[in-house]
There are 2 protein chains.
Amino acid sequence: MLDRRADVSLYRQLASALRDQIRHGELPPGAELPSESDLSKRHGVSRDVVRDAMAVLRAEGLIATVRGRRAMVREPAVKVSVQAPPAAEITARMPTVDERRHWNILEGVPLITVRTTDMETHHPADRVVVHTAPAPAPDGALYGFGGDEAPSDSG
Amino acid sequence: MLDRRADVSLYRQLASALRDQIRHGELPPGAELPSESDLSKRHGVSRDVVRDAMAVLRAEGLIATVRGRRAMVREPAVKVSVQAPPAAEITARMPTVDERRHWNILEGVPLITVRTTDMETHHPADRVVVHTAPAPAPDGALYGFGGDEAPSDSG
DNA sequence: AGTTATTTGTCCGTATGTATA
DNA sequence: ATATACATACGGACAAATAAC
């Protein structure tokens, strides 16, 4: 229940309540949230408060909204592994609107940049995990008997 | 100038205009933006439109706002290098409000996570650059005379 | 097919609170 | 104290996209 006398604003309280429902699985990925007018009536607040709460969750990447449709809990995207080259710099920032359009990035999703002296690649953070090279094999363990790691090329 | 007949909303047009001024250096880091009422009058739009435009730029990490003060173009933070261990997974996502408070992260700044089997560290993306291990020295160039660059490496 | 209802997006105005200058 | 400025909350209105019939 929202508390008007609390030192936290109404829309932040509502955002926290919805966030908890998402985290606890009451609103699983793919589920629709109640409509804005519904939440507005249910909590006795203006639609403005509801929309501000939605904006918070959108900025956190938790929900996705489309005009005419109810807000939806975002599905965790399948992540592709990207191998970081040696001596690479990995940074992250929020993409611009142009970059969001160009790479089809949803709101609240950072952009990961992998940069070396030669090249620079960009990846939407919800679809990519960057991994570093495996630990160098200790002396004598080089080219072992061929477990699940091929010595030549992984393809 | 904002165009009410354009197919782009007013607040997005205003956000783009301000973003361009920041990118082109007319509003350098540390500079104050005009006040909301000022922008409202100057462009003939409601304060709501101005605030929506500000929210866009905040979410992109371009400006920082404090109650009672004018919005400010964010200074590029000094970045600390973090060495990624071998076989590490590097991901990024937007922090929750609690995480923002806990690590003192501004709006529009992603959270970088470096995870291995043993540990997991979190870093604000505006203050950290993760770098991978340098390329292994080629055979024979091992333990060279200690120049800045290995002689046969492309970089 | 088309028509209506629902739902989110945008924009306006106003008022009040709270922090800064 | 007064003025300025951003944050929050209310209300209303219309547009645009979707869903339902």
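The figures that follow rest on heavy atoms only: side chains count, while hydrogens, waters and symmetry mates do not. Chain letters run A, B, ... following the sequence lines, proteins first, then strands; residues in each count from 1.
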Quiz item: Would you say C:dT10 has OP1 or OP2 under 4.0 Å from some side-chain N or O of B:Tyr11?
Solution: yes
Practice problem: Might you work through the side chain to side chain donor-acceptor pair (under 3.5 Å) test for B:Arg93 and B:Thr113, ending with a clear yes or no? | Solution: CA-CA 8 Å; B:Arg93 62 172 171 82; B:Thr113 302; 5.1 Å; no
Quiz item: Mapping A:Val45 and A:Gly68 to their closest nucleotides on DNA chain D, which lands nearer the 5' end?
Solution: A:Val45
Quiz item: Any side-chain donor-acceptor pair under 3.5 Å between B:Thr65 and B:Arg58?
Solution: yes
Practice problem: Would you tell me if any nitrogen or oxygen in the side chain of A:Arg47 comes within less than 4.0 Å of OP1 or OP2 on D:dC10? | Solution: no
Quiz item: Hey, does the side-chain of B:Arg12 have a donor or acceptor N/O within less than 3.5 Å of a partner on the base of C:dG9?
Solution: no
Quiz item: Which of the following nucleotides, C:dC12, C:dA19, D:dA16, is nearest to the side chain of B:Arg67?
Solution: C:dA19
Quiz item: B:Asp126 and B:Ala77: which non-hydrogen atoms are nearest, and at how many Å?
Solution: O-CB, 3.2 Å
Quiz prompt | Nearest listed nucleotide, side chain of A:Ser9, among D:dC6, C:dA21, D:dA9 | solution = D:dA9
Quiz item: When you measure from the side chain of A:Leu10, which nucleotide among D:dC10, D:dA7, D:dA19 comes out closest?
Solution: D:dC10
Quiz prompt | Evaluation steps, salt bridge (charged side-chain N to carboxylate O under 4.0 Å, His left out), between A:Asp98 and A:Arg101 | solution = CA-CA 5 Å; A:Asp98 290 333; A:Arg101 264 201 303 271; 2.7 Å; yes
Quiz item: A:Glu32 has an atom CD; how far is it from atom C1' of D:dT18, in whole Å?
Solution: 11 Å
Exercise. Using the closest heavy atom to pick a nucleotide of DNA chain D for each, name whichever of A:Val66 or B:Thr65 lands nearer the 5' end.
Key: B:Thr65
Self-check item: B:Val56 and B:Arg19: CA distance, side-chain angles, deciding distance, side-chain contact (heavy atoms from CB on, under 4.5 Å) verdict
Solution: CA-CA 10 Å; B:Val56 170; B:Arg19 189 188 302 108; 3.9 Å; yes
Quiz item: Expressed in angstrom and rounded to an integer, what is the separation of A:Glu36 atom CD from D:dT18 atom P?
Solution: 16 Å
Exercise. Measure the distance from CZ on A:Arg5 to P on D:dA9 and round it to the nearest whole Å.
Key: 15 Å
Exercise. Taking only the side-chain heavy atoms of A:Arg70 (C-beta and beyond), determine which of C:dT7, D:dC10, D:dA7 contains the nearest atom.
Key: C:dT7
Quiz item: What is the distance from NZ of A:Lys41 to P of C:dT7, rounded to the nearest Å?
Solution: 8 Å
Quiz item: Which nucleotide, C:dT7, C:dC11, D:dC10, lies nearest any side-chain atom of A:Ser35?
Solution: C:dT7
Exercise. Provide, to the nearest angstrom, the distance between the CG atom belonging to A:Asp3 and the C1' atom belonging to D:dA9.
Key: 15 Å
Practice problem: Could you check which of C:dC11, C:dG9, C:dG17 has an atom nearest any side-chain atom of B:Arg4? | Solution: C:dC11
Quiz item: Can you tell me how far P of C:dT10 sits from CE of A:Met54, to the nearest Å?
Solution: 14 Å
Quiz item: Which nucleotide sits closest to the side chain of A:Arg69: D:dA19, C:dT8, D:dA7?
Solution: D:dA19
Quiz item: How long is the line joining CG of A:Asp52 and P of C:dT8, in whole Å?
Solution: 15 Å
Quiz item: How long is the line joining CG of B:Asp7 and C1' of C:dG9, in whole Å?
Solution: 14 Å
